[in-house]
Q: 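To start, I am sharing the structure in question, which I have written as structure tokens.
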There are 2 protein chains.
Amino acid sequence: MTENDKQTEEKIFEAATDVFIEKGMDGARMQDIADHAGINKALLHYYYRTKDRLFNAVFEKIAGQMFKKFAPVFDENISLEEKIRFFFKEHITFLQKNPRLPGFLLNEINHNPARIKKLIQQIDVNKLWMTLEAQHKDELKKYNITRETMPQLMSSIAAISVFPFAARGILEVLFEKMNINFNDYMEERKEYAADFVIKAIKK
Amino acid sequence: MTENDKQTEEKIFEAATDVFIEKGMDGARMQDIADHAGINKALLHYYYRTKDRLFNAVFEKIAGQMFKKFAPVFDENISLEEKIRFFFKEHITFLQKNPRLPGFLLNEINHNPARIKKLIQQIDVNKLWMTLEAQHKDELKKYNITRETMPQLMSSIAAISVFPFAARGILEVLFEKMNINFNDYMEERKEYAADFVIKAIKK
DNA sequence: ATGTAGTTTAACCAAACGGTCAAAATTAAA
DNA sequence: TTTAATTTTGACCGTTTGGTTAAACTACAT
């Protein structure tokens with residue numbers, strides 16, 4: 001039954017996603033994934049031949065989700081300032097729903113850089129810059145944004161949004177004594193980050 | 001011979017550091033560490049009883065190094081602005097020499113938050129804030145820095161410094177097409193980051 | 001009812017793993 | 001030089017690991 005196929009395959013995929021995100025590629029156990037999916041271990045190998053293939057399937061979907069979240073910003077027909085606000089709001093909201101994604105992705109990329117190479121190589125940063133330049137030529141001049149400073153700015157924006165989730169384990173301990181809740185801090189960050197970056201790039 | 005002891009124990013520790021940083025706790029193999037140290041596997045267990053103990057020794061030293069690098073900033077008798085410049089210069093320089101530390105630490109903390117709890121709990125953030133307030137009362141008012149915005153600011157500074165190293169695998173691929181070298185980018189970042197943050201906090 | 005193709009399972013396997021042990025080698029003390 | 005203590009080793013052990021296999025089960029077409 002094809003429906004049942006999909007159900008089982010999806011059940012496996014979802015279980016694998018959970019376990020891989022929590023334990024990482026090396027820490028995850030096929031038996032653990034099978035238990036989470038409520039099936040026999042051999043069935044994992046029936047649908048996905050090896051642990052490596054199963055992991056790749058999970059990894060590529062998650063990485064895709066992550067990078068797609070960066071894209072819609074460029075399509076919106078709004079000012080650069082609004083785009084920055086839009087990005088932090090949308091991206092942090094997405095990460096609030098998937099708080100373990102950053103840590104998972106960063107770790108796996110460090111342990112196997114080749115794996116993500118194919119995915120990222122598709123992104124044409126030059127074309128992306130030209131799109132941005134066409135849309136916001138005047139604004140880019142108004143701010144201190146050039147082709148040269150673009151990587152610094154972009155990586156800083158990503159850092160401010162992503163890092164707190166990757167370092168959550170540290171921040172939560174530090175916040176404890178200050179009676180700060182991580183979720184409150186993150187909610188507050190959507191606006192703080194936008195204000196911070198916008199002020200930083202103003203001439 | 002006590003000297004030889006230290007030599008062997010250190011050799012093991014250094015080999016373990018290398019392997020753990022590269023492969024992580026789960027991915028590291030005791031045999032691999034023994035090979036790197038040029039000794040028998042049983043000797044690992046003679047000096048460090050278990051893999052867990054060996055890892056803890058390595059982890060605590062590395063984590064200690066990392067957090068100590070944040071400290072000296074508070075001791076320097078210089079302006080707040082100079083402290084920010086000082087921090088980025090020193091911290092990024094340190095990470096340039098130990099580029100894999102961020103990824104390693106963040107990953108292990110995510111996989112075992114309890115491990116770092118003891119280390120971080122020693123840091124009294126409130127006391128730290130009071131020290132900063134005593135040293136820079138006027139400057140803090142001049143900028144938009146309050147006890148409430150402090151966590152946002154501090155985590156942003158850490159993010160801008162640490163994130164590029166944790167995400168190096170991604171950035172390097174993106175930079176390839178733009179003919180940007182990661183080391184050049186990182187060298188440039190020492191000043192860019194300081195300028196960026198200082199401008200962001202100015203009223 | 002029967003055959004057939006796809007699905008699921010329990011039992012099993014070889015390799016790799018962390019860890020142990022008794023003996024050999026080295027060093028220090030007598 | 002002999003003795004005792006420490007260090008290093010190869011060989012070994014029980015367990016866990018990813019992966020296989022042959023048989024059982026299911027759904028469906030004939």
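Reminder, nothing fancy here: chain letters follow the sequence lines and each chain counts from 1.
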Q: Let me know the distance between CZ of A:Arg29 and P of D:dT17, rounded to the nearest Å.
A: 5 Å

Q: Check this one for me: any side-chain N or O of A:Tyr46 less than 4.0 Å away from OP1 or OP2 of D:dG19?
A: no

Q: Using only side-chain N and O atoms of B:Thr8, determine if any of them is under 4.0 Å from OP1 or OP2 of D:dT7.
A: no

Q: Take the protein atom CG of B:Leu43 and the nucleotide atom P of C:dA25, then report the distance between them rounded to whole Å.
A: 16 Å

Q: Expressed as a whole number of angstroms, how long is the span from B:Ile39:CD1 to D:dT8:C1'?
A: 9 Å

Q: Check the distance between C:dA16's P and B:Asp35's CG and give it to me in whole angstrom.
A: 14 Å

Q: For a salt bridge (charged side-chain N to carboxylate O under 4.0 Å, His left out) check, start with the C-alpha distance between B:Arg85 and B:Asp195, then their side-chain angles and the critical distance, and finish with the verdict.
A: CA-CA 8 Å; B:Arg85 294 197 184 282; B:Asp195 291 341; 3.0 Å; yes

Q: Looking only at side-chain N and O atoms, does A:Tyr192 offer a donor or acceptor that is under 3.5 Å from a partner on B:Ser156?
A: no

Q: For B:Gln31 and B:Asp35, which I'm curious about, is there any donor-acceptor pair between the side chains at under 3.5 Å?
A: yes

Q: Please report the distance, rounded to the nearest Å, between CG in B:Asn40 and C1' in D:dC12.
A: 12 Å

Q: Separation of B:Tyr47 atom OH from C:dT20 atom C1', in whole Å?
A: 18 Å

Q: Going by atom types only, do B:Glu82 and B:Ser79 share a side-chain donor-acceptor pair under 3.5 Å?
A: yes

Q: Rounded to whole Å, please give me the gap between NZ in A:Lys41 and P in C:dA10.
A: 12 Å

Q: Which nucleotide in the set D:dG19, C:dG19, C:dT9 lies at the smallest distance from any side-chain heavy atom of B:Met30?
A: C:dG19

Q: Considering every strand and a 4.0 Å limit on heavy-atom distances, what is the contact class for B:Ala34: base, sugar-phosphate, or nothing?
A: nothing

Q: By nearest heavy atom, map A:Ala42 and A:Asp26 onto DNA chain D; which one lands nearer the 5' end?
A: A:Asp26

Q: Starting at CE of B:Met25 and ending at P of C:dG18, how long is that distance when rounded to a whole Å?
A: 9 Å

